[in-house]
Structure formats: structure tokens, C-alpha cells
Amino acid sequence: MGLFTKFKAGLAKTHSKLAHEIKRIVSRSPKLTGESLEELEHALIAADLGMAVTQQIVAAVKLAYESQGTTGHDVFAIARAEVERNLSSNKPDLLKAPSGPTVVSIVGVNGTGKTTTSAKLAHYLQSQKKTVLLAACDTFRAAAIEQLKLWGARLKVEVIASEYGSDAASVAHDAVTAAQARKADYLFIDTAGRLHTKHNLMQELQKLHRVIGKQLPGAPHEVLLVLDGSTGMNALNQAREFHKAVPLTGLIVTKLDGTSKGGMVVAIQKELGLPIKFIGLGEQPDDLQPFDAKQFAQALFEA
Amino acid sequence: MFDSLSGKLQNAFRNLRGLGKISESNVADALRDVRMALLEADVNFKVARDFIERVRIKSIGAEVIQSVQPGQQIVKIIADELTDLLGSQNAGLDFSGSPTCILMVGLHGSGKTTSSGKLARLIQKQGRQPLLVAADVYRPAAMDQLETLGKQLEIPVFVKRGETDVQKIAREALDFAKANNRNTIIFDTAGRLQIDEPLVQELVRLRDLVKPQEILLVLDAATGQEAVNVATHFDQALNITGSILTKLDGDARGGAALSMKAVTGKPIKFAGTGEKLDEFEPFHPERMASRILGMGDVVSLVEKAAEAVDMEDVKRMEEKMRKGEFTLEDFLDQLRQMKKLGPLENVMKMLPGGAEALKSVDMNKQEREFKHMEAMICGMTPKERKTPQILNAKRRIRVAKGSGVTVTEINTMLNKFGQMQQMMKKMGKFQKMMGRMGGGMPGMFGR
């Protein structure tokens with residue numbers, strides 16, 4: 001399956017629902033009344049675009065109608081342009097350290113899919129002929145280490161791990177040392193899930209980053225926040241708080257295959273300006289795709 | 001955005017409370033803000049619309065208009081209506097089966113496995129003999145996770161590694177339960193999308209086989225508008241009996257709870273409130289209502305305080321305060337206990353209107369000040385702490401040097417402490433007086 005088709009297949013639900021809603025609104029009432037604006041607003045809210053973006057799009061549609069008249073105006077084009085504008089600064093590529101291994105720290109709240117995403121990322125870079133290492137730094141959750149090890153065995157990637165209850169920072173330290181010794185291109189650090197409201201856990205994450213920064217100056221080169229695609233407005237809080245604690249370099253949005261959502265990314269990018277690097281579209285290793293703003297906006301609004 | 005909207009709602013309520021006269025238009029204005037707040041809390045937009053409509057009709061009813069404070073009345077209607085919607089007549093579990101079977105279902109990463117463990121612990125404490133069954137045959141190491149939880153809880157776990165047929169696992173688990181006298185079986189199923197038909201059908205077959213008394217949908221409190229689809233699909237396919245709301249220890253407003261309750265009508269039975277296995281409790285609708293409305297969560301704050309603070313200490317401290325024997329040593333204890341509650345900022349947020357108040361105060365500065373106070377007291381000898389009067393200029397200079405502050409700061413701190421002591425003495429006397437009059441202080445946290 002080509003990248004674009006996969007993208008579209010994953011987002012098909014989102015877009016068909018949205019497109020249907022908008023079409024219905026437009027065809028039924030070509031004139032933009034307060035009522036139909038409210039309906040447009042509802043359709044956008046239903047896609048979890050968030051109040052700010054929703055209002056921005058509604059305002060843009062309103063403005064376009066007022067300035068250009070009601071005839072033959074394409075609501076899709078306006079909406080798409082707005083989303084695209086919000087996502088325009090997006091650069092999806094993973095950074096590469098100038099020398100030595102590139103350390104990528106995978107962070108997020110519980111149950112968003114950090115471990116699966118770490119494995120998928122390893123697979124993604126492996127397919128580009130890069131050497132990859134995984135570090136199992138979730139020493140808290142039951143069987144998190146086994147989960148990553150099983151992925152490692154499946155993908156034939158070495159997993160650096162320690163005991164449960166051991167200091168995650170020390171595992172990360174060992175992993176960085178190992179990555180340097182083996183001259184690996186990338187090291188993915190799978191951290192434990194933590195709610196962004198838990199002060200002590202956020203401090204623990206800061207410590208982990210401090211430790212690997214000492215071991216390898218410049219590391220972690222990427223700090224990627226994994227967000228669950230079905231999350232609502234709280235995703236914004238998550239991004240905000242994690243960004244405050246450990247400056248993020250990008251986002252990964254998972255579980256976008258089955259839900260009709262995807263809108264949160266727009267709101268987050270609008271507020272924090274963080275690039276969306278990848279999106280997760282399923283449970284298989286290759287169900288991770290680099291994010292493409294244009295395609296995303298298109299797939300979201302295309303009829 | 002969250003704070004500003006929560007603030008907007010506070011404003012709406014303030015305006016409503018101030019209203020002497022109710023008209024359809026001023027109610028509509030206020031309700032628009034309420035609707036915004038609901039949407040911002042991830043309540044599904046259809047659910048929010050219906051809710052607002054119901055409140056509107058009730059608000060312009062004769063009863064409200066004729067009441068003394070109509071605005072106040074409407075605020076009450078909103079809170080009551082929300083609590084009613086979230087509340088449930090039947091929040092307990094049905095244990096009528098022999099054995100009783102409980103099916104845990106939900107999306108990926110919603111917290112099914114952890115909740116299974118927590119639920120098993122809870123019902124074991126109620127005197128039942130639970131058995132955990134690892135029925136997640138897809139996710140790597142899911143079975144290990146449940147097994148580890150079982151070990152931690154000392155609850156048996158039925159695991160059949162390598163088996164991919166859920167039905168087979170279930171049949172053998174039922175036999176195992178019979179042979180080992182376990183009367184409650186909790187099936188931890190794999191996470192699945194509600195639209196993944198083959199996987200949903202697998203659940204349907206499992207249900208038909210084990211005929212569970214309870215089918216609980218595990219839902220992440222941070223779920224967005226999607227909650228309605230998830231709840232509807234799972235309910236239609238399986239006819240769930242209730243739900244468990246997880247990750248409530250985060251700051252998600254939890255509008256998903258309202259959405260789920262509104263579309264299925266099934267009660268929310270439990271709430272997961274932390275990573276530890278005992279952080280699991282029956283669901284409290286009234287707390288959830290104030291959370292969704294952003295009205296602060298005083299109850300949770302009190303509970304948190306109770307957790308961090310030793311009740312014996314509190315009694316001892318109270319006694320001391322009343323007698324005016326409160327020393328710097330006790331002050332130090334209090335500072336440290338406060339620290340256990342977490343950063344001041346978070347504590348403030350739990351108070352009604354706290355998020356608003358935070359904007360004007362720099363909590364970090366406050367916190368630094370507390371830290372300095374702690375250092376200053378730590379720099380004193382035990383004798384000095386008990387009788388600060390002996391702190392002469394020489395001693396003050398020593399303490400200042402030792403704790404890295406200026407003498408002026410020491411003076412300020414001691415002055416503040418002196419004032420506090422005075423206040424406490426007065427309070428103590430006042431309370432005694434009230435006690436004699438048979439009154440006593442009204443509960444501080446009554447709402």
C-alpha cells in the first residue's frame with residue numbers, strides 16, 4: 001500500500017464523516033446563517049479540533065462569505081486552507097546527530113502506545129538501513145520490559161534493559177554507553193508512562209534526560225511526545241506540561257486508524273508550534289507513517 | 001485555554017448568582033458559557049446540547065422565577081442535573097453467578113489490565129475469591145503483565161501462554177476456577193477498536209460462552225468526542241453493564257464520563273485514581289460533576305491531605321495551637337507536611353476558583369519562601385526553636401550565615417511567626433468560648 005493510500009485509509013473515517021457533515025450543511029443551506037454556522041462548528045468540534053481552531057475556521061468561513069458573496073464558495077477549501085496554515089511549519093524528519101548515535105526519548109502519559117511506537121520507530125529506521133538500539137526504561141509497569149523485549153526479538157533489534165524497580169536513568173545511561181560502543185545510528189528510549197500532573201514523575205523524567213545529556217552532550221536529540229488519537233482537549237494539557245518539563249521536539253499521534261478523530265494535533269500545533277513527526281495507523285510494525293501536513297489536511301477535508 | 005474557560009464559567013455563575021430577575025435572554029447568555037465549558041471538558045457536543053436544553057427549560061420554569069434568588073437556583077439546577085446524569089441507581093456489582101464472571105473490555109491503552117488487577121484486589125477485600133484470566137492474546141507481554149499483577153496481589157492468575165483461542169482459554173479458566181474454588185472470574189480481554197468487527201465478534205462469542213454477570217467498559221478519562229462512539233458501539237455489541245473511568249488522577253476534565261453515561265444509560269461503577277493497585281474506588285458522581293464544571297475538587301484535596309498527613313500529628317498540633325504552645329519546631333513539621341501535598345500550584349488548582357487566583361500570584365516565589373523558612377529553622381538549635389526569644393543578634397547572624405539568608409529575612413520570619421502564635425492563642429480562646437456556648441466551629445469543608 002502506498003503511503004498516501006494508507007494515510008487516507010486510516011483517516012477515511014474522519015474525513016468521510018466530516019465531509020458528509022459539511023456537505024450536508026452546505027447543500028441544505030447555501031446561505032450561511034447563524035444556524036448553519038453553529039452546525040459547522042459542531043462538526044468541527046466532533047472531530048476534536050478544539051474550540052480555538054474551530055472558532056478560527058468558522059470565522060474564516062464567515063469572512064470568506066462576507067467578502068466574496070455566497071455563490072459557489074467552497075467550504076472545504078477554506079477549512080483545508082485553515083488546517084494547512086496551522087500545520088505549515090511542520091518538519092516531520094527525525095533529527096540526526098552530527099556525530100555518534102542519535103538519542104530519541106519517547107515520552108507520554110500512560111497507555112498512549114509509547115512501547116509500540118518505540119518498536120515501530122526502530123523498524124522504520126531499520127528499513128532505512130540504520131542500526132538501531134532500544135532501551136527499556138519503563139521499569140515501573142508490570143511486564144513493560146518483556147513487551148519491548150518481545151518486540152526486539154521480533155524485529156531483531158537489541159534491547160538494553162535492567163530490573164524492575166531499578167533507576168530508569170541508569171538504564172538510559174547504560175543504553176547510551178551501549179549505543180556509543182556499538183556505533184548505533186539511533187537509540188530509542190522507551191520511558192514509563194506518567195501523567196503530566198505528577199510532579200515527582202516529571203522530575204524523574206528530567207533527571208533521565210540530564211543523565212543522558214551528561215553521558216552524550218546534546219542528547220536526547222529528539223524528545224517525542226506520544227499522544228493517543230482518541231484523547232480530547234486534555235491532549236493540549238499533556239503537551240503543554242510535558243513541554244514545560246522536558247522541552248519536546250515533536251509529537252507522535254497514535255491510534256488514528258479506527259477513530260474518527262485527529263483534530264487535536266491541529267490545536268496543539270497551533271498553540272505550541274510542535275511539529276507532528278509521525279502518526280500511528282495500526283498495530284503492525286509498518287503502521288507508522290511520517291506526518292505530512294498537506295496530505296493530512298487534504299485527507300481530512302477532501303470530498 | 002482551559003483556565004480561561006474555567007474562568008469564563010466562574011463568571012457565568014457569578015453573573016447568574018447576581019441576577020435578580022430572570023429572563024430568557026439572560027439565561028441563554030449564561031448557558032452559552034456553560035455549554036462552552038462542557039465542550040472544553042470533552043463532553044460530546046450532542047450531549048452538551050441536550051443538557052443545556054434541559055437546564056434551560058427548568059430555569060425558566062415558574063418555580064425558579066418565583067424563588068428569592070433565581071440566579072442561585074439555576075446554578076443549583078446545573079450542578080444537580082449534572083450529578084443526576086452521572087449518578088446511578090445501581091453502582092454495585094452483580095455477584096449472583098456461580099462463579100460470577102466479569103468481562104473487562106475497551107480500547108487499547110485505556111487501562112484494562114491494571115483495572116482488572118485493582119478490581120480483583122477490591123473484591124478480594126470484600127471476602128470473595130477472585131481469579132484473573134489473561135485473555136489478551138494479541139499484545140506482546142500482556143499476559144506477563146497480568147501475571148505480575150497477580151503475584152503482587154497474591155491472587156491466582158490463569159495464563160495459557162501460546163494459546164491464541166480466547167474461547168479455549170475461557171473454557172479452561174472456568175474449569176480451573178471450579179477446581180480451585182474461585183467464585184469470581186475477571187477476564188482481561190485485549191484492547192480493540194470499537195469498529196474492528198472481527199475482534200468485537202470475538203468478544204461477543206466470549207460473552208456467549210461465559211455468560212458474564214458484568215461487562216465493564218474501561219474508558220480513559222481523557223477521551224474526547226469519540227467517547228460516544230466507543231460507548232455506543234461496545235454497548236450495542238455486548239450490552240455492557242457499566243464502566244470504569246481510568247486515569248482520573250490526571251487533570252482531564254472527564255467529560256467523556258458524561259457522554260458515556262448519557263448515550264448508554266449504564267452506570268459508571270469505579271474510578272481509577274492512580275498507578276498503584278489500591279488507587280481504585282467507587283465512582284462519585286457529585287465530585288465528577290464539579291470536576292467537569294471546573295468548580296474545583298475540594299473533596300479530593302481533603303482526601304489528599306488526609307493521605308499525606310498523619311491524623312495523630314494533626315490532633316497533637318491542634319492541641320498545641322489551642323494552648324499557644326506552637327513552636328518553630330511544629331512550624332517546621334507543618335511546612336514539611338505541606339510539601340508532601342505536592343507543588344503549591346497543584347494544590348491551589350483543586351480549590352474552587354484556584355486556577356483563576358493562580359494567575360495573579362507567583363506560586364514559585366511562595367514556594368521558595370517556604371524553602372527559605374525551612375532552611376532558617378533548620379539552622380537553629382533545638383533550644384532556639386523552642387524558645388525563639390533567646391535569639392539575640394549574635395545568634396541571628398549565625399543562623400543567617402548557616403542558612404544562606406540575610407538577617408533581615410530572619411527577622412521577618414520571626415515576626416511572622418510571632419504574629420501567627422498570637423493569632424493561634426486568640427483562636428484557641430475563641431474556640432473554647434464557643435465550645436462552652438455549645439456551638440463549636442462549623443465544618444470547614446462543608447459545601
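Note that the structure is predicted; figures quoted are calculated from it, not measured.
- Between A/Asp228 and A/Lys255, at least one side-chain N (NZ, or NE/NH1/NH2) sits under 4.0 Å from a carboxylate O, which counts as a salt bridge.
- Only the side chain of A/Phe140 comes within less than 4.5 Å of a heavy atom of chain B; its backbone N, CA, C and O stay farther away.
- Note: B/Asp249 leads B/Leu149, B/Asp220, B/Thr148, B/Asp249 in heavy-atom pairs under 4.5 Å with chain A.
- With a 4.5 angstrom heavy-atom cutoff, A/Leu201 touches chain B only via side-chain atoms.
- Residues A/Lys198 and B/Glu275 are not paired through a salt bridge, judged by the lack of any N-O separation under 4.0 Å between the basic side chain and the carboxylate.
- Contact count against chain A (heavy-atom pairs under 4.5 Å) is highest for B/Pro140 among B/Ala252, B/Pro140, B/Ala41, B/Gly111.
- A salt bridge links B/Asp144 to B/Arg161: one of the charged nitrogens lies within less than 4.0 Å of a carboxylate oxygen.
- Classification of B/Glu53 and B/Arg56 as a salt-bridged pair holds, one side-chain N sitting under 4.0 Å from a carboxylate O.
- No salt bridge links A/Glu204 with A/Lys207; every basic N to acidic carboxylate O contact stays at or beyond 4.0 Å.
- For B/Asn44, no part sits under 4.5 Å from any heavy atom of chain A, backbone or side chain.
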